Structures are given as C-alpha cells and as structure tokens.
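Here is the structure we will look at, set down as structure tokens.
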Protein chains: 2
Amino acid sequence: MVSETATEQRRPSRGERTRQALMNAALDQVDRKGSFSGLSLRQVARRAGVVPTAFYRHFPDMDALGLALVDSSFRALRQLMRETRRAGMPEKQVVRESVATYVRYVRANPRHFRFVVKERFSGSPAIRDAIRREIRLFVSELATDLSRFPLFDRISSDDLRMIAGLTVNNMTAVTEQILELPDDDQEEEVLVLREAEQQLRVILLGAMQWKSRE
Amino acid sequence: MVSETATEQRRPSRGERTRQALMNAALDQVDRKGSFSGLSLRQVARRAGVVPTAFYRHFPDMDALGLALVDSSFRALRQLMRETRRAGMPEKQVVRESVATYVRYVRANPRHFRFVVKERFSGSPAIRDAIRREIRLFVSELATDLSRFPLFDRISSDDLRMIAGLTVNNMTAVTEQILELPDDDQEEEVLVLREAEQQLRVILLGAMQWKSRE
DNA sequence: ATTACATGTCAACACCCGTACACAAAAGAT
DNA sequence: ATCTTTTGTGTACGGGTGTTGACATGTAAT
C-alpha cells in the first residue's frame, strides 16, 4: 500500500536503492567506528544488508565509495551556499547570520561533515585530493561572493582569495569543534558559536584595514 | 669502536632503544602508508626489526604507542616555542620571522607533524583527546605571549584567547598545506609562506581594531 | 512467455591480524 | 659466579579481510 500519487519522485531502481544503502551504511559506520579508512568492505556490506560480493556491483572498491561520499557531501553544501546567497542578508548582521546558518547546517548533517573532516588528511590519496579540490573551489566561490560587497572594493582579487582562505580555514576549525560536541549540549554550542562570530569579526576588521599593494 | 668520551649521554638501555625503534618505525610507516590508525602492530614490529610479541614489552597496545608519539611531538614543539620566546623578536618583523621559523620547523620534522595532523580527527578517541588537549594548551601559551605586547593592552584575556585561537586555527591549516607539498618544491613553499604571512597580518590588523566589551 | 540484463548469493582461497603461552637469551644485581 | 629481572623468540589459535568464479534470482523489454 504505497501511495505514489502525491510525489513526482520515481521509485528508484533496486540498484540505486542498494547503492544508497551502501553509502548510508558507510556514513553510519564512520560515526560508530573511527574512520572511513578503517572500514572494511565486508562491514559496510553487512550493515547495508547485502552479501560482500554484491558490493562490487556498485563500486569497484572502497575508494570509489569514498569518492561518491565526498561528492554528495559537497553537493549539499554548495546548494546551501547558493540558497543563502539568493536569500540575501540583513546587511547589518551578515556575520551573525552566516555563522548561525552554517552551524545549524553542520549540526543537521553531522555524518557527512564528520566523514569529510576525518578523511581530509587521513584518507587515501584519491579521497584527500577530491576533498582538497572541493575546498579550493569553495574558497573561490566565497571570494567572488565577498567581491560583491562594496566594503571590499579596494582589495585585489588575489587578496580577496587570501582573505576567503583565512575565513574558510577558521570555519573549518569551527566545524571540527562542533562535531566533537555531544549531541545535546546546547550550552557549549552557544560558546563555540559566539567565539566563531568574534573570530570572523576580527577577520572582517582586519580586511577593512587591508590595503592591497598596487 | 664507539667513542663515548665527548658526550655526557648515557648509552640507552636495550629496552629504551627498541622502544624508540618502535616509535620511529611507526612514524616511518605513517609517512609511507596512510595513517597511524591504519597501521598494524605487526607492521610496526617488523619495521622495528623485532618479533610481534616483543611489542608488548614496551606498550600494551597501539593506542599507547600513539599517545607516546603525541607526547614527543608536542614536547619538541613546546621547546621551539620556548627558545623563540627567549630569543625575542626584531619587533618590526614579528609576523615574518614567526611564520618563517615555524614553517622551517615543520619542514624539518615532517613525520611528527604528519602524524599529528592525520590522527587529530581520525585517530582513536584517546589519541584525539590527547592532541586536542595539547592544542588547547598551545593556544593558552600563545595567548599569554600575546598579552606581553603593548599593542594588545586594551584586549581582555578572554578575547586574547579568542584571537590566539584564530591564529592557531589558521597556522594549523597552513601546516597541513605545507605537509602536502612535495619535499623539494621551494617555489610553492614560498607562496604558501607568503599567504600565511598575509593572513596573520590581517588577523593582526583586526586585533588592533578590536575593542573588548567592558 | 521468452529473452536479456542487472543484481544478489554462495563457497572457497590465501592472507594478515591480535594475542596467549612457554621458553631462550641478555643485562644487572648480589 | 649465581640469581633475578628484563627483553626478545617461536609457535599456535581463532577470526576478519579482499577477491575469485560459478550460479541463482529478480526485473524489464520484446
């Protein structure tokens, strides 16, 4: 008795479904056990409710699964960024609102972020590379976003990239702090959030004073 | 024919020597293979030139070895910091000199830093905790160092910690970039170094504008 | 209903793993 | 020189791993 009327979503094929099940299983295991690199193909298959050899129908090896996870993680993040950009900001509270939105998003999707944070440096070369590429791309997008603010008119695009990099470096660290927090600790979360705001404000102050060499 | 006259160093006991050999072997393997968490007790023992069961004479398990590595890594870093602090700085070029010293040090001890960077988020809980503790301690020390500059007179100690945290967050990211560089690429290294300088300068500018709430 | 393809299962393989135990060698103390 | 402690060796065990090839089942198209 599955109602198929309201949604225009097609029922995904069996293949798609277990492919997703495998990716989901991997994310779950990363939460439970240490890291993706430490997972075994068999564990993932088992949790996905599938026999080990079935794994190969969807991915040639664990590395490929990892790359798929990197992709889906950043795809979601990019969408958030696009939406936020489109919505615009109350001008006066860009910092507060941006930080709040981001932190809320991280807390809503802890598994993907945990995966990325953990594999960024300890994963296989292929996965590390993919993540690094995505982050570079993210910095670029942020730089062009910043260039739209009149505040930064006098800053060269190279320097804007540098400042965007600084921002992302710090937000990355904040992400990691948030993920280490216990799930329910609202109190600590507020502290981390406030510190992140202040740090961004310091960067903002510094950027406003910055004079690009001509 | 070992000359023992010049140095006052005692010949370390056999136990100490293989203990060191084990730690060394682990660091080497981290460089070669992916991460410490991915190493097996047997691999480490093999590379240290010792039978697997001998491992237990020195560490109860791999986690203990990891903790020992965390300790030795940060002990060295703290010493560098102490020396630098004692030496003082040419005032005018604090940023440039600090960054240069640090980067030189990272490049001189890549194995320890790589270990820390990789295990910081993907290691076992015990190791992650130890690293986090050390970094927090490092931030504190930096904050009190900063408090000695007249520039920061008007900043509360809480805010100084916040700024120190920002600095460390960014230098951490720089560390990671440097470690990803190929060993011989002087050119890229200069770029990373310059960007790091600029970023620290932005933070410095921002900090100078910062007014602590009373 | 038959055919073709996609997906999943089963059994087996050779390998590496952590660890327990009993024993041998080396180092240090008396 | 003898005894004790520390350190290293050899063997063995049960268990998890990735990957193989041949086979079964489901699913969609003709």
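Within every chain, numbering begins at 1; the chains are lettered A, B, ... in the order of the sequence lines, protein sequences first and strands thereafter. All values derive from a computational prediction rather than experimental measurement.
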- Gap between atoms CZ and P, on Arg47(A) and dG16(D) respectively (whole Å): 16 Å

- Message: What residues from residues 51-65 of chain B pass a heavy-atom cutoff of under 4.0 Å to DNA chain D?
- Response: Val51(B), Thr53(B), Ala54(B), Arg57(B), His58(B)

- Message: Looking at Ser122(B) and Glu119(B), would you say the former's side chain and the latter's main chain have a donor-acceptor pair under 3.5 Å?
- Response: no

- Steps toward side-chain hydrogen bond (donor to acceptor under 3.5 Å, both in side chains) verdict (Thr84(B), Tyr102(B)): CA-CA 10 Å; Thr84(B) 308; Tyr102(B) 180 72; over 6 Å; no

- Message: Measuring to OP1 and OP2 of dT17(D), would you say a side-chain N or O of Arg46(A) lies under 4.0 angstrom away?
- Response: yes

- Quick one: Glu16(A) CD to dT7(C) P, roughly how many Å, whole number? 9 Å

- Of the nucleotides dG8(D), dT17(D), dC17(C), which has the atom closest to the Thr18(B) side chain? dG8(D)

- Message: When you measure from the side-chain N and O atoms of Ser40(A) to the phosphate of dT17(D), is any distance below 4.0 Å, counting only OP1 and OP2?
- Response: yes

- With a 4.0 Å cut-off, would you call Asp129(A) and Arg132(A) a salt bridge? yes

- Item | Euclidean distance, atom CZ of residue Arg42(B) to atom P of dA20(C) [Å, nearest integer] | 13 Å

- Message: Has Asp63(B) got a side-chain atom pairing as donor or acceptor with Gly66(B)'s backbone, closer than 3.5 angstrom?
- Response: no

- Task: First locate atom CZ of Arg111(A), then atom CE of Met23(A), and finally report the distance between them rounded to the nearest 0.5 Å.
- Result: 10.0 Å

- Task: Rounded off to whole Å, could you give me the NZ-to-C1' distance for the Lys33(B) and dC17(C) pair?
- Result: 12 Å

- Roughly, in whole Å, what's the span from CG in Leu41(B) to C1' in dT19(C)? 9 Å

- Arg17(A) CZ - dG26(D) P separation (whole Å): 13 Å

- Message: Check this for me: does any side-chain nitrogen of one of Arg161(A) and Glu195(B) sit under 4.0 Å from a carboxylate oxygen of the other?
- Response: no

- Task: Provide, to the nearest angstrom, the distance between the CG atom belonging to Leu39(A) and the C1' atom belonging to dG18(D).
- Result: 15 Å

